[in-house]
Amino acid sequence: RPDDFRIGTFAEFVPVKETSLALKPKNLTMEEAASLPLVALTAWQALVEKAQLKRGQKIFIQAGSGGVGTFAIQLAKHLGATVATTTGTGNVAWVKSLGADVVIDYKKDEFEKVLSGYDVVLNSQDGKTLEKSLGVLQRGGKLISISGPPDPAFAEEIKAPWFVKQVLRALSFDTRRKAKHLNVDYSFLFMKASGSQLRQITPLIESGAIRPVVDKVFPFEATNEALAYVESGRAKGKVVIKVR
């Protein structure tokens, strides 16, 4: 997966730092391997680094049939956590097969009325969902968002200019205030490229503890069709573009 600020195109060749690379797991096709780094690193950095998820804890992972969701559910189960997630009616049984213990059909139920006392929430949805998610955490719980708003810690991490730091502080002020009132921790995650973390993930893939979920593979000539399919929200897991 290219470095953080070098993304944004589909190409046959792209420069990548050696430290961002890892060997492909032996049991995967090239297409399966291509589907992994973004979602695998996002889940690893959220659950292992930030949340420090432990056996016996409870985690709510939103959008369980999405790219990050499918990987995060499997990783959380490997770490020994109890997993709750949301998905549509047609995907309930399938998401359970990935390891989810509690699956909420968002078309029928509101997760904030079903879940409570959770240790960690991985938020990937909009601000309204984020606010509801704060309420399912127990005191001292952690909400990690990959969809914003960015927080001051992120501004420090990227060494943002002073005025950008103030903007990010303002964007996340309301969320951080509500989190503090509930005595829970809020943090924003912007995934970083890491070859060393990919190498830690590789044994989980090769042992079968976690399997990639690829919905469709499109040829390079059908890139626009692939993007339209992703934007439709119907994809289960990842969509891959095969350059050649």
Side-chain angles (χ1 to χ4, degrees), residues 36 38-149 175 178-179 181-189 191 201 204 209-213 215 233-238:
L36 281 178
L38 174 65
V39 296
L41 289 172
T42 300
W44 185 271
Q45 289 165 22
L47 274 57
V48 177
E49 278 195 328
K50 278 189 175 287
Q52 297 179 344
L53 190 66
K54 297 177 177 62
R55 181 171 299 279
Q57 289 189 312
K58 298 196 301 181
I59 181 171
F60 171 41
I61 298 168
Q62 297 167 7
S65 59
V68 173
T70 54
F71 193 98
I73 288 170
Q74 296 178 81
L75 178 59
K77 289 306 296 181
H78 174 75
L79 295 171
T82 297
V83 180
T85 192
T86 50
T87 193
T89 308
N91 293 329
V92 170
W94 179 72
V95 169
K96 283 185 178 179
S97 74
L98 293 175
D101 301 286
V102 179
V103 181
I104 298 165
D105 182 345
Y106 68 83
K107 295 180 179 180
K108 297 178 179 178
D109 298 302
E110 298 176 63
F111 71 83
E112 70 275 17
K113 294 181 179 178
V114 179
L115 307 177
S116 62
Y118 274 65
D119 300 286
V120 180
V121 171
L122 177 57
N123 177 75
S124 58
Q125 305 297 297
D126 57 19
K128 188 176 180 181
T129 304
L130 186 152
E131 186 173 343
K132 292 177 181 178
S133 296
L134 288 170
V136 311
L137 288 163
Q138 64 175 339
R139 293 174 68 84
K142 299 176 181 179
L143 190 152
I144 300 161
S145 178
I146 60 175
S147 57
T175 298
K178 289 174 180 174
H181 176 72
L182 294 168
N183 195 24
V184 299
D185 179 70
Y186 171 77
S187 61
F188 171 71
L189 172 67
M191 189 275 289
I201 293 165
L204 303 181
I210 297 177
R211 58 183 175 86
V213 178
D215 186 315
R234 299 194 307 271
K236 291 165 60 174
K238 293 295 290 181

Can you give each donor-acceptor pair under 3.5 Å made by side-chain atoms of residues 79-86, sequence neighbours left out, with the distance rounded to 0.1 Å?
residue	atom	partner	partner atom	Å
T85	OG1	I61	O	2.5
T85	OG1	G64	N	3.0
T86	OG1	A63	N	3.1

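The shortest distance between side-chain heavy atoms of V184 and L143 does not fall below 4.5 Å. Side-chain contact between T70 and V39 is absent, with no heavy-atom pair separated by less than 4.5 Å.
Minimum heavy-atom separation, G99 to I73: C-CG2, 4.0 Å. The two residues L130 and G148 come nearest to each other via the heavy atoms CD1-O, 3.3 Å. A pairwise comparison of heavy atoms in S65 and N91 identifies OG-ND2, 3.6 Å as the closest pair. In plain terms, the two heavy atoms of A72 and L47 that are nearest each other are O-CD2, 3.7 Å. Residues K58 and S116 come closest through the heavy atom pair NZ-O, 3.2 Å. Between P212 and L36, the shortest heavy-atom distance links the atoms CB-CD2, 3.9 Å.
Using modelled atom types, one finds a donor on one side chain and an acceptor on the other under 3.5 Å when comparing S133 with Q62.
Rounding to the nearest 0.5 Å places NZ of K77 at 12.5 Å from CD1 of I210.
Note on residues 116-148: no pairs pass ring pair (Phe, Tyr, Trp, His ring centres under 6.0 Å), not counting sequence neighbours. Sorted by first and then second residue, the salt bridge (Lys or Arg N to Asp or Glu O under 4.0 Å) pairs involving residues 114-125 (not counting sequence neighbours) form an empty list. Applying the salt bridge (Lys or Arg N to Asp or Glu O under 4.0 Å) test to every pair with at least one member in residues 126-137, sequence neighbours left out, gives these pairs: E112-K132, E131-K178. Residue pairs meeting the ring pair (Phe, Tyr, Trp, His ring centres under 6.0 Å) criterion with at least one member in residues 42-67, sequence neighbours excluded: F60-F111. Counting only residues at least two apart or in different chains, salt bridge (Lys or Arg N to Asp or Glu O under 4.0 Å) contacts with residues 102-111 comprise E110-K113. Sorted by first and then second residue, the ring pair (Phe, Tyr, Trp, His ring centres under 6.0 Å) pairs involving residues 64-105 (not counting sequence neighbours) form an empty list.
Not counting sequence neighbours, the partners of S147 by the side-chain contact (heavy atoms from CB on, under 4.5 Å) test are N123, S145. Residues forming a side-chain contact (heavy atoms from CB on, under 4.5 Å) with R211 (at least two apart in sequence, or on another chain): Q74, S97, L98, V213. Partners of Q45 by side chain to side chain donor-acceptor pair (under 3.5 Å), not counting sequence neighbours, listed by chain and number: Q197. Contacts of Y186 classified as ring-ring contact (aromatic ring centres under 6.0 Å, His included), with partners at least two apart in sequence or in another chain: none. Under the rule for a side-chain contact (heavy atoms from CB on, under 4.5 Å), the partners of I146 that lie at least two apart in sequence or sit in another chain are T42, V68, L122, S124, L189.
Under a 3.5 Å cut-off, the side chain of K236 and the backbone N or O of V95 do not form any donor-acceptor pair.
Within a 6.0 Å sphere centred on NZ of K50, other residues, nucleotides and ligands contribute more than 12 heavy atoms.
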*Yes or no on side-chain contact (heavy atoms from CB on, under 4.5 Å) for L182 and L137, after CA distance, side-chain angles and deciding distance?*
CA-CA 9 Å; L182 294 168; L137 288 163; over 6 Å; no
